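Just follow the structure's listing: the first ligand is 1, and inside any ligand the first atom is 1. Side chains included, hydrogens not; waters and symmetry mates left out as well; all remaining heavy atoms used. This one's a predicted model, so the numbers in the text were calculated from it and none came from an experiment.
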Amino acid sequence: MRLRLDASTHLLVLTGAGVSAESGIPTFRAGGGLWENHPIERVASPQGFREDPELVWRFYSDRRRQARDVQPNPGHLAVAAIEERLGDRFLLVTQNIDGLHRRAGSHRMVEIHGSLFETRCAHCDRPSFADDKVYYGADVPACDACERKGRKGLLRPNIVWFGEMLDPDHMRRIEVFMESSARARFVFLAIGTSGVVYPAAGLVLHARAAGAETWLVNADPPENRSAFQHFVQGPSGKVLPELVEWA
Ligand code: BJW
């Protein structure tokens, strides 16, 4: 089955952990949702950070190191090549924080769950900043902006954890893209995501309401499979380079 695109198609792509699996980054739910026997919610939630910031920094330090050491795969490259053809009629929404889409050449992109290579303060509203350091053990980084005001603030990864709000500007950008696409031929394509984490899992329904044709590329049928009209089962690194047929 091939996805036919032409120069007037608007395409919204949503990616999840599956697209980076062939680069060697394990998906979230592959290991039963555990990291070193800790449930993901414990290492990816504000409560988990309050209880044990060292553990959380160790988890994200491991992931920084891992993401730095791997390369984008043919799936990431195929997504970037489609953007090259469609220009502003394309938007990539990624749940991944590993930076591999950017390294593959994607630009029109919203990283809705944040970035592994940015840090911010858990206590003050200083802007997030680029950071690829790894922190271990008792080495939990402190916020120097807080320190200057005589306060004690801890730095945290700039990631959207469970129970936290997504950036309203990101959601608005997706909404604006959908609104402008509703007047054209509009295709929504989800890749490598289990369809369980909201609001990302609900985007397919918004896209359908805006008149989109809905496509899914995934290794297994995900939770929200029934929301998609077309399902191509297989690894994205193999499927994506062959998926699109240009009219
Ligand atoms: C391949 C492949 C290959 C493998 N090729 N495919 C509505 C209903 C119920 C609950 C909620 C709701 N709205 C909000 C909530 C609460 C919550 C939520 O969704 N909970 C659910 C678990 C039930 N959502 C939130 O808290 C969000 N905030 C929010 O909505 O704020 C408002 C609000 C707050 C509180 C209550 C209500 C509203 C924030 C969500 C942030 C998620 N953050 C995480 C962790 C941080 C990032 C990190 O550390 O990396 O993001 S969770 C984790 O899951 C991570 C991922 O981005 C995300 C999605 O996972 P993904 O990408 O789908 O990966 P997997 O592993 O699940 O699936 C991989 C898939 O690929 C599989 O299907 C494989 O088969 C496939 N695959 N190899 C193709 N080679």
Side-chain angles (χ1 to χ4, degrees), residues 13-36 38-49 55-67 70 72-79 92-101 109-120 156-168 170-171 174 189-206 215-225 227-228 231-243:
V13 175
L14 169 71
T15 60
V19 83
S20 293
E22 287 151 89
S23 291
I25 298 189
T27 61
F28 276 92
R29 285 154 189 91
L34 294 176
W35 173 75
E36 289 189 356
H38 302 288
I40 310 181
E41 288 77 3
R42 178 155 160 70
V43 285
S45 69
Q47 192 193 349
F49 186 72
L55 178 76
V56 172
W57 265 117
R58 202 153 57 76
F59 173 59
Y60 284 100
S61 291
D62 267 4
R63 295 183 52 208
R64 275 185 177 176
R65 213 172 34 181
Q66 184 179 51
V70 301
N73 66 56
H76 297 106
L77 296 171
V79 171
L92 169 61
V93 176
T94 186
Q95 299 167 84
N96 299 345
I97 59 172
D98 54 34
L100 289 176
H101 280 299
M109 180 172 61
V110 190
E111 292 174 304
I112 53 170
H113 291 167
S115 166
L116 201 45
F117 298 104
E118 287 178 11
T119 293
R120 68 179 174 88
R156 55 163 278 184
N158 189 27
I159 309 288
V160 182
W161 285 330
F162 282 109
E164 293 189 311
M165 299 297 287
L166 279 74
D167 182 339
H170 287 171
M171 298 314 287
I174 298 167
L189 167 63
I191 307 163
T193 176
S194 55
V196 295
V197 174
Y198 285 81
L203 288 180
V204 59
L205 299 178
H206 293 285
W215 285 71
L216 169 68
V217 171
N218 217 63
D220 311 293
E223 196 75 13
N224 59 353
R225 157 72 186 95
F228 292 88
F231 174 35
V232 184
Q233 187 163 2
S236 51
K238 290 223 166 59
V239 172
L240 291 176
E242 304 294 326
L243 182 70

Selected option - heavy-atom contact closest to atom 69 (C) of ligand 1, from G192, S236, G16, A201: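 Among G192, S236, G16, A201, the closest heavy atom to atom 69 (C) of ligand 1 comes from G192.
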The one among R225, E22, K238 that brings a heavy atom closest to atom 80 (N) of ligand 1: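 Among R225, E22, K238, the closest heavy atom to atom 80 (N) of ligand 1 belongs to E22.
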Out of all atoms in ligand 1, which are within 4.0 Å of some heavy atom of [X]? Include the element for each.
| X | value |
| --- | --- |
| V196 | 19 (O), 21 (C), 22 (C), 23 (C) |
| F162 | 22 (C), 26 (O), 52 (S) |
| M165 | 31 (O), 32 (C) |
| I97 | 48 (C), 49 (O), 50 (O) |
| P199 | 30 (O) |
| A17 | 61 (P), 62 (O), 64 (O) |
| P235 | 3 (C), 5 (N), 80 (N) |
| D220 | 74 (C), 75 (O) |

Quick one: look at [X] and ligand 1, take heavy-atom pairs under 4.0 Å, and tell me if it's side chain, backbone, both or neither.
| X | answer |
| --- | --- |
| A21 | side chain |
| I191 | neither |
| T193 | both |
| I159 | side chain |
| R63 | side chain |
| Q95 | both |

4.0 Å heavy-atom contact, P222 with ligand 1: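 The answer is no, since P222 has no heavy atom less than 4.0 Å from ligand 1.
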4.0 Å heavy-atom contact, A200 with ligand 1: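 The answer is no: ligand 1 sits nowhere under 4.0 Å from a heavy atom of A200.
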F59-ligand 1 polar pair, N/O distance under 3.5 Å: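 Between F59 and ligand 1 (N or O atoms, distance only) the closest approach is not under 3.5 Å.
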Distance flag for atom 1 (C) of ligand 1, protein heavy atom under 4.0 Å: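 Protein heavy atom within 4.0 Å of atom 1 (C) of ligand 1: present.
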